[in-house]
Amino acid sequence: MITMLIDHIGAVFYQDQEILRIIGRIAFPIYAFSTYLGYKYTRNIKRYTYRLLLLAIISQLPFMLAFQHYNLNVIWTLLASLLVLQLLDKTQNGVWKVLIVVTSGILMELSTMDYGIYGLLLVLIFRYTEGFVMIGAHLLLNIADMVVSQLQIWSTVATAYIAFSVHKGASFRSTVPRWLWVSFYPLHLAILAAIRIMQQNGTLGIFGL
């Protein structure tokens with residue numbers, strides 16, 4: 001959550017400060033891995049799916065206002081990836097599995113989901129690989145994505161930490177209260193959006209900012 005906040009502050013207010021975006025690359029792999037863990041361990045997959053859907057809907061307006069574009073926020077990407085995981089586990093045919101991934105990735109790109117097919121492939125990497133293979137797969141994915149974003153290469157650091165933690169048998173039980181984990185994404189976007197709007201309207205000048 002902290003690295004995501006730093007990343008979004010940089011994206012909204014300090015676009016010339018590349019270090020903020022580099023720090024922010026740590027966030028998405030953790031959320032992608034958390035989505036896989038949620039799928040693996042949830043007691044009620046329908047409730048988990050609907051919770052992501054509701055969070056994606058709630059976050060969309062703050063997301064658009066903060067970043068001033070009409071793309072779909074990253075929760076839609078995690079939701080789509082969760083649905084793909086469910087479909088893949090219900091499908092035995094290898095050809096159909098490939099078609100599901102390719103079709104879903106194309107739809108995610110066409111619908112302008114944040115991270116798009118990159119996000120889906122990263123979730124699948126966490127689902128089907130481990131150890132050095134996990135790190136290498138993510139590194140290759142980042143190299144392939146460098147045409148879009150060279151900064152993304154730094155996200156491999158987070159995956160290396162995840163792979164090391166899995167190797168050490170980490171439980172990955174969050175000590176963060178669920179309400180904070182769930183509400184942080186739309187809440188911090190709403191605050192950033194409000195500050196940006198006040199800046200544009202000159203309202204912050206009243207407070208000397």
Side-chain angles (χ1 to χ4, degrees), residues 1-11 18-43 45 48-49 51-52 55-56 59 73-89 97 101 104-105 108 113-146 148-185 188:
M1 290 188 293
I2 293 172
T3 58
M4 178 175 63
L5 176 61
I6 292 172
D7 180 49
H8 289 171
I9 289 175
E18 192 173 85
I19 185 61
L20 300 180
R21 307 309 309 281
I22 290 175
I23 294 172
R25 298 311 92 204
I26 295 173
F28 182 72
I30 296 174
Y31 278 100
F33 183 66
S34 297
T35 300
Y36 160 62
L37 288 182
Y39 171 69
K40 182 179 180 180
Y41 293 113
T42 184
R43 297 177 181 177
I45 188 61
Y48 182 46
T49 302
R51 188 163 63 240
L52 273 184
L55 184 60
S59 303
N73 69 72
V74 74
I75 307 299
W76 292 105
T77 304
L78 299 178
L79 172 62
S81 300
L82 178 65
L83 294 174
V84 170
L85 288 176
Q86 296 177 54
L87 285 174
L88 291 177
D89 281 350
K97 287 178 180 287
V101 173
S104 300
M108 291 168 74
M113 290 185 187
D114 202 13
Y115 281 98
I117 192 173
Y118 174 98
L120 171 61
L121 293 177
L122 184 54
V123 172
L124 295 179
I125 286 172
F126 290 136
R127 167 66 177 84
Y128 292 106
T129 67
E130 59 183 23
F132 288 113
V133 177
M134 179 190 292
I135 300 170
H138 188 194
L139 180 60
L140 289 175
L141 179 61
N142 283 333
I143 292 173
D145 191 60
M146 285 184 72
V148 178
S149 174
Q150 295 184 357
L151 290 179
Q152 204 59 40
I153 198 74
W154 293 98
S155 65
T156 315
V157 174
T159 297
Y161 178 76
I162 289 170
F164 176 78
S165 299
V166 171
H167 176 71
K168 289 296 184 180
S171 65
F172 294 105
R173 288 188 175 274
S174 176
T175 57
V176 178
R178 175 175 288 185
W179 66 266
L180 178 58
W181 179 260
V182 172
S183 65
F184 185 82
Y185 185 75
H188 91 279

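Bear in mind the structure is a predicted one, so any value in this text is a computation, not a measurement.
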As an exercise, state the distance from CG of L87 to OG of S104, rounded to the nearest 0.5 Å. 6.5 Å
E18, CD atom: more than 12 neighbouring heavy atoms under 6.0 Å: no
Sorted by chain and residue number, the ring-ring contact (aromatic ring centres under 6.0 Å, His included) partners of Y185 (sequence neighbours excluded) come out as H188
Mind checking whether Y115 and L121 have side chains closer than 4.5 Å, heavy atoms only? no
Only distances under 3.5 Å count here; give the side-chain donor-acceptor pairs of residues 156-167 to other protein atoms, sequence neighbours excluded, each with its distance to 0.1 Å.
| unit_1 | atom_1 | unit_2 | atom_2 | d |
| --- | --- | --- | --- | --- |
| T156 | OG1 | N142 | ND2 | 2.7 |
| T156 | OG1 | I153 | O | 2.9 |
| T159 | OG1 | H138 | ND1 | 2.5 |
| S165 | OG | Y161 | O | 2.8 |

Please identify which of these residues, T42, I45, V123, meets the side chain to side chain contact (heavy atoms under 4.5 Å, CB included) condition with L82. I45
For I125 versus M134, what's the shortest heavy-atom pair and its separation? CG2-O, 3.8 Å
ring-ring contact (aromatic ring centres under 6.0 Å, His included) with W154: which residues, sequence neighbours excluded? none
Quick one: do Y31 and M1 satisfy side chain to side chain contact (heavy atoms under 4.5 Å, CB included)? Show the steps, please. CA-CA 9 Å; Y31 278 100; M1 290 188 293; 3.2 Å; yes
When rounded to the nearest 0.5 Å, the distance separating OH of Y36 from CG of L78 is 15.5 Å
Against I9, only a single residue in I6, D7, L5 fulfils side chain to side chain contact (heavy atoms under 4.5 Å, CB included); can you say which? L5
Please check if the side chain of N73 supplies one atom and the backbone of A56 the other of a donor-acceptor pair under 3.5 Å. yes
Check the pair Y118, L141 against side chain to side chain contact (heavy atoms under 4.5 Å, CB included), reporting the backbone distance first and the verdict last. CA-CA 8 Å; Y118 174 98; L141 179 61; 3.6 Å; yes
Is the number of heavy atoms from other residues, nucleotides or ligands within 6.0 Å of CD1 (I2) greater than 12? no
When the ring planes of F126 and F33 are compared, do they come out parallel, tilted or perpendicular, using 30° and 60° as the limits? perpendicular
In Å, rounded to the nearest 0.5 Å, how long is the span from CG of L151 to CG of L20? 11.0 Å
How long is the straight-line distance from OG of S34 back to CZ of F28, given to the nearest 0.5 Å? 10.5 Å
Does any non-hydrogen side-chain atom of Q86 lie less than 4.5 Å from one of T49? yes
Please find the pair of heavy atoms, one from L85 and one from Y39, that lie closest to each other, and give the distance. O-OH, 3.4 Å
Derivation and outcome, side chain to side chain contact (heavy atoms under 4.5 Å, CB included), residues V84 and R127: CA-CA 11 Å; V84 170; R127 167 66 177 84; over 6 Å; no
Using every non-hydrogen atom in the two residues, find where T3 and A27 come nearest and quote the distance to one decimal. OG1-CB, 3.4 Å
Taking S155 for its side chain and R25 for its backbone only, find out whether a donor-acceptor pair lies under 3.5 Å. no
Any idea which heavy atoms bring T77 and G116 closest together, and the distance? CG2-O, 3.9 Å
Rounded to the nearest 0.5 angstrom, the CD1-CG distance for I30 and L37 is 11.5 Å
